Trainee: 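Structure below; questions to follow.
These numbers were taken from a predicted model, which means no experiment stands behind them. Quick note on labels: first sequence line is chain A, next is B, and so on, each numbered from 1.
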2 protein chains.
Amino acid sequence: MEAVDTRQEILIQASRLFKRLGYRATTTREIAKAVNIKQPSLFHHFASKKAIVEEIFSLSLKEAAIRIEEACRQEGPASERLHQYLVWDLSTLHRMPMAMSAIYTGDALKSPELAELADKLKSFYRALEDLLEQGIRSGEFVDIDPQLGRLMVASITIAHLEYSEDAVIDDPDRLARDGADFVLRAFRRPVTGTPL
Amino acid sequence: MEAVDTRQEILIQASRLFKRLGYRATTTREIAKAVNIKQPSLFHHFASKKAIVEEIFSLSLKEAAIRIEEACRQEGPASERLHQYLVWDLSTLHRMPMAMSAIYTGDALKSPELAELADKLKSFYRALEDLLEQGIRSGEFVDIDPQLGRLMVASITIAHLEYSEDAVIDDPDRLARDGADFVLRAFRRPVTGTPL
DNA sequence: GTCTATACAGCGATAGAC
DNA sequence: GTCTATCGCTGTATAGAC
């Protein structure tokens with residue numbers, strides 16, 4: 001098969017390798033081989049290996065950062081806003097051709113040279129913690145450290161991504177709804193009279 | 001401060017670097033620097049970089065593999081057996097001096113040279129999926145693909161580990177119980193008459 | 001836009017003195 | 001048990017032909 005768009009193909013193959021091996025451990029030779037070109041040809045499309053991971057990151061987080069901050073500012077129950085956001089986030093990510101979990105799961109964001117990306121993710125996480133705190137204060141959610149809660153949401157999201165990247169998904173919207181339901185069940189304070 | 005046991009200190013510092021940078025990306029020079037010795041001195045304590053990660057892995061999984069298989073074979077509700085296992089697992093991991101999340105989170109297990117370790121983890125995961133399936137069949141748990149469920153449990157466990165590795169924990173047992181409760185809420189089928 | 005050839009920095013691991 | 005010195009290899013990136 002012929003790659004109609006070498007640049008796009010580089011992003012797809014690189015993301016899969018970053019997911020499997022980590023960012024620093026993935027070599028430009030391996031990326032080039034997966035794209036079916038020679039290693040120096042990569043540098044015609046991207047200035048550096050770093051530029052590749054920066055573009056993947058931007059694709060996955062740019063719109064998500066706007067949406068999570070909207071969810072923070074809106075009215076209504078925090079649980080519904082969180083659920084709505086998660087459904088959008090998961091169904092969007094399920095449809096992307098790159099292995100998006102590579103960004104959040106791997107070593108890329110911890111590398112000193114990519115500190116700028118890590119800062120952007122941190123402000124995304126701050127908004128998520130804010131939303132969780134709203135739900136805790138209103139009594140909708142169990143009493144949990146928002147920082148731990150944020151780690152939970154992020155890790156469950158990534159687990160869902162990994163699942164959809166490896167399996168064949170016939171209904172990404174249904175999978176997204178199931179994932180959002182799973183998170184909400186875990187966070188919602190049980191309504192029964194008996195505690196625990 | 002003097003390292004009373006250089007070998008132990010190598011394991012601790014290496015695990016933290018593996019967590020931050022990934023296995024393949026962490027250099028023996030970085031490990032040595034963190035331990036306050038020179039790089040070639042590492043090879044007096046371990047035959048290779050690979051031998052270091054193998055020992056960390058073994059410490060974290062050897063007993064866990066036995067316990068999860070016991071949990072599979074025991075009698076009683078699957079939800080209680082899963083809860084009991086998770087409390088033991090989390091409280092044990094919270095007390096370990098190494099950054100155990102490094103093993104499950106990073107690139108180490110995907111490296112071809114460490115395929116043997118990956119196989120051991122896979123059989124651990126199979127037991128976990130088995131336990132989840134028992135709970136699904138008995139109606140205790142929501143109807144979820146056991147493979148996805150296993151990914152969820154693993155990722156929530158890792159999120160807990162990451163939290164405890166970065167924060168100061170005064171009550172590891174309480175944190176472990178809260179973590180196990182979180183997982184069980186997510187999996188347990190809601191008992192109320194109204195669905196969702 | 002892709003190739004061959006190559007520069008040069010950094011890697012894991014070894015040798016041998018102390 | 002730790003050191004200095006160094007080997008052989010592999011990494012990113014560049015130069016220049018086609």
Trainee: Specify whether Y104(A) and F57(A) have parallel, tilted or perpendicular ring planes, treating 30° as the upper limit for parallel and 60° as the lower limit for perpendicular.
Mentor: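 Correct class here is tilted.
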Trainee: Given atom NE2 of H44(A) and atom P of dA13(D), what is their separation to the nearest angstrom?
Mentor: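 Roughly 16 Å, once rounded to whole Å.
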Trainee: Rounded to the nearest angstrom, tell me the gap between atom NZ in K33(A) and atom P in dT10(D).
Mentor: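 One finds 13 Å between P of dT10(D) and NZ of K33(A), rounded.
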Trainee: Go through the steps for E140(B) and S79(B) under the test side chain to side chain donor-acceptor pair (under 3.5 Å), then give the verdict.
Mentor: CA-CA 7 Å; E140(B) 295 167 75; S79(B) 57; 2.7 Å; yes
Trainee: Considering non-hydrogen atoms only, spot the tightest contact between D107(A) and A25(B) and give its length.
Mentor: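 Answer, listing the atom of D107(A) first, then A25(B): OD2-CB, 4.5 Å.
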Trainee: DNA chain C: H45(A) or S48(B), which has the more 5' nearest nucleotide?
Mentor: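 Nearer the 5' end of the strand: H45(A).
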Trainee: Without decimals, in angstroms, what is the distance between F46(A) CZ and dT12(D) C1'?
Mentor: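 Whole-Å distance recorded here is 16 Å.
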Trainee: Whole angstroms only, please: what is the CZ-C1' distance between F43(A) and dA15(D)?
Mentor: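 Those two atoms, CZ and C1', are 14 Å apart.
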Trainee: For the residue pair R81(A) and A71(A), what are the closest heavy atoms and their distance?
Mentor: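 Taking R81(A) first and A71(A) second, the nearest heavy atoms are NH1-O, 2.8 Å.
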Trainee: How are the rings of F124(A) and Y85(A) set relative to one another: parallel (under 30°), tilted (30 to 60°) or perpendicular (over 60°)?
Mentor: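 Rings of F124(A) and Y85(A): tilted, as their planes differ by 30° to 60°.
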Trainee: Under a 4.0 Å threshold between the charged nitrogen and the carboxylate oxygen, would R7(A) count as salt-bridged to E55(A)?
Mentor: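 Yes, E55(A) and R7(A) are salt-bridged.
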Trainee: Within residues 22-31 of chain A, which residues have any heavy atom lying less than 4.0 Å from an atom of DNA chain D?
Mentor: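 Heavy-atom cutoff 4.0 Å gives T26(A), T27(A), T28(A), R29(A).
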Trainee: Hey, can you tell me if F182(A) and F187(B) have their rings parallel, tilted or perpendicular (30° and 60° cut-offs)?
Mentor: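 If you compare the ring of F182(A) with that of F187(B), the planes turn out perpendicular.
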Trainee: Under 4.0 Å between a Lys/Arg side-chain N and an Asp/Glu carboxylate O for R95(B) and D173(B)?
Mentor: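 Here R95(B) pairs with D173(B) in a salt bridge, since their nearest N and O are under 4.0 Å apart.
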Trainee: Between which nucleotides of DNA chain C, 5' to 3', does chain A make heavy-atom contacts below 4.0 Å?
Mentor: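 Span of nucleotides near chain A: dG1(C) to dA5(C).
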